Number of protein chains: 2
Amino acid sequence: MKDKTADQTLCPVARAEAVVGDRWTVLILRELFARNHRFEEIQAYTGGTPQMIAARLKKLETDGLVTRRVYNKRPLRHEYHLTKKGEAFFPVMFALRAWGETWCKSPREGLSMNYTHFSCGKPTGLGPVCQSCGEPLHWPDVVAERSPKYQKERDARWEAFKASR
Amino acid sequence: MKDKTADQTLCPVARAEAVVGDRWTVLILRELFARNHRFEEIQAYTGGTPQMIAARLKKLETDGLVTRRVYNKRPLRHEYHLTKKGEAFFPVMFALRAWGETWCKSPREGLSMNYTHFSCGKPTGLGPVCQSCGEPLHWPDVVAERSPKYQKERDARWEAFKASR
DNA sequence: CTTGTTACTATGAATTTCATAGTAACGTGG
DNA sequence: CCACGTTACTATGAAATTCATAGTAACAAG
């Protein structure tokens, strides 16, 4: 799991990719930005196997993007939360989502996510800054809402996960 | 190599990751944004094996981010260029680089990349919009310059690649 | 003392990656 | 006309990773 790439180059893109250059890692971060903090939530919504999730969370923790927080002693249970470094990844996530909405979907599908800028109360749009007020967007200053279809898909994933046990 | 994930979800992040959720793919895009269009350049600077590069370029082509352009008949030779869809990935790349510069390097290393905004002639900074003029940044409207150290690393990679044949 | 909850760990088969080497199609210089 | 150089790959087998499936651990509740 160790990646020497990061130490062998000054390239910031390569350094970043050594940390987040993995599908599961990004999907986990998506869930954390969506405020799903528990292992089973992350597993259910990403569709990853427990090993994939466990390994990625461990790596995210050692890489400093995630901290474990106890929410229950006896039995000991942890939630996973973003650190400053993790939160700072938001612009990448936001840009990635915008690209995905624009270029990886057929037009008739419409947007799956709609963001409202908390400070101005209006839609953020897809751009790097709020289309309504022009300010740069920070997490947690945006409120995400899913399209009904996408929300349904999420609910179905949760049900399917629960049913399979 | 096929990825059913994209068809099974409305999530734009998952859709995007099905296309670019891979270290080599992102490094190849980095080179294309840096205007290195030839196979051997991409191989040398990314450090990938020819199969990795060839497979990713093929997938990038079928996914519509890259086109092959003939630059020499007899022997037939192609260059790889970004399409509109590929160019549209720039904001993600830019944000990723900014995150890497900020969070994946020790302070004393300094910035590896410095961007100048062509339209205003001043530095862009790390943010989503030009720090000098406030406009959103588009490729190819930014001019990249590498720090001497990073440039040296790149040159060394090229030399090492050439020497190994 | 059986069932339920949450968070993982174990195992072996399938797939992917990596290092190394080699091929192909041509131009060039002798 | 033939050996060498250039560019872009392809081939091969060992090593590592991923996936599907199943199971464990530590407790609470009834």
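Throughout, protein chains are lettered first and strands after them, A, B, ... in sequence-line order, and every chain is numbered starting at 1. Just so you know, these numbers use all the heavy atoms, side chains as well, and skip hydrogens, waters and symmetry mates. From a predicted model like this one, the values you see are computed outputs, not experimental measurements.
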So which one's nearest nucleotide on DNA chain C is more toward 5', A:Gln43 or B:Pro50?
-> A:Gln43

Base, sugar-phosphate, or nothing: which does B:Arg77 touch, judged by heavy atoms less than 4.0 Å apart?
-> base

Should the pair B:Arg77 and B:Phe39 be classed as cation-pi, given the thresholds of under 6.0 Å to the six-membered ring centre and 45° from the axis?
-> no

Any A:Arg56 side-chain nitrogen or oxygen under 4.0 Å from OP1 or OP2 of D:dT18 = yes

Between C:dT16 and B:Lys59, is there an OP1 or OP2 to side-chain N/O distance shorter than 4.0 Å?
-> no

Of A:Arg74 and B:Tyr71, the one whose nearest nucleotide on DNA chain D sits closer to the 5' end is B:Tyr71

Considering only side-chain heavy atoms of A:Arg38, which listed nucleotide, C:dG27, D:dA8, C:dA7, is closest?
-> C:dA7

Which one, D:dA8, D:dC9, C:dA7, comes nearest to the side chain of A:Glu40?
-> C:dA7

Phosphate OP1/OP2 of D:dT17 contacted by A:Trp24 side-chain N/O (<4.0 Å) | no

Check the angle between the aromatic planes of B:Phe94 and B:Tyr115 and answer parallel, tilted or perpendicular using the 30° and 60° thresholds.
-> perpendicular

Can you pull the side-chain hydrogen bond (donor to acceptor under 3.5 Å, both in side chains) pairs that have at least one residue in residues 89-104 of chain A, sequence neighbours excluded?
-> A:Glu101-A:Lys105

Using the benzene-type ring in the case of Trp, are the ring centres of B:Phe161 and B:Tyr45 under 6.0 Å apart?
-> no

Nearest-nucleotide pick for B:Pro75, side chain only, options being C:dC18, C:dC26, C:dC8 = C:dC26

Looking at A:Arg23 and B:Glu17, does any basic side-chain N land under 4.0 Å from a carboxylate oxygen?
-> no

Is any side-chain N or O of A:Gln51 under 3.5 Å from a base N or O of C:dT11, one able to act as donor and the other as acceptor?
-> yes

Looking at five pairs on each end of the helix from C:dC1-D:dG30 to C:dG30-D:dC1, what is the angle between the two axes, given to 10 degrees?
-> 10°

Could you tell me whether B:Lys73 contacts a base, only the sugar-phosphate backbone, or nothing, with contacts defined as non-hydrogen atoms closer than 4.0 Å?
-> nothing

Output yes when at least one side-chain N/O atom of B:Tyr80 is less than 4.0 Å from OP1 or OP2 of D:dC9, else no.
-> yes

Under 30°, 30 to 60°, or over 60°: which ring-plane class applies to B:Phe33 and B:Phe89, parallel, tilted or perpendicular?
-> parallel

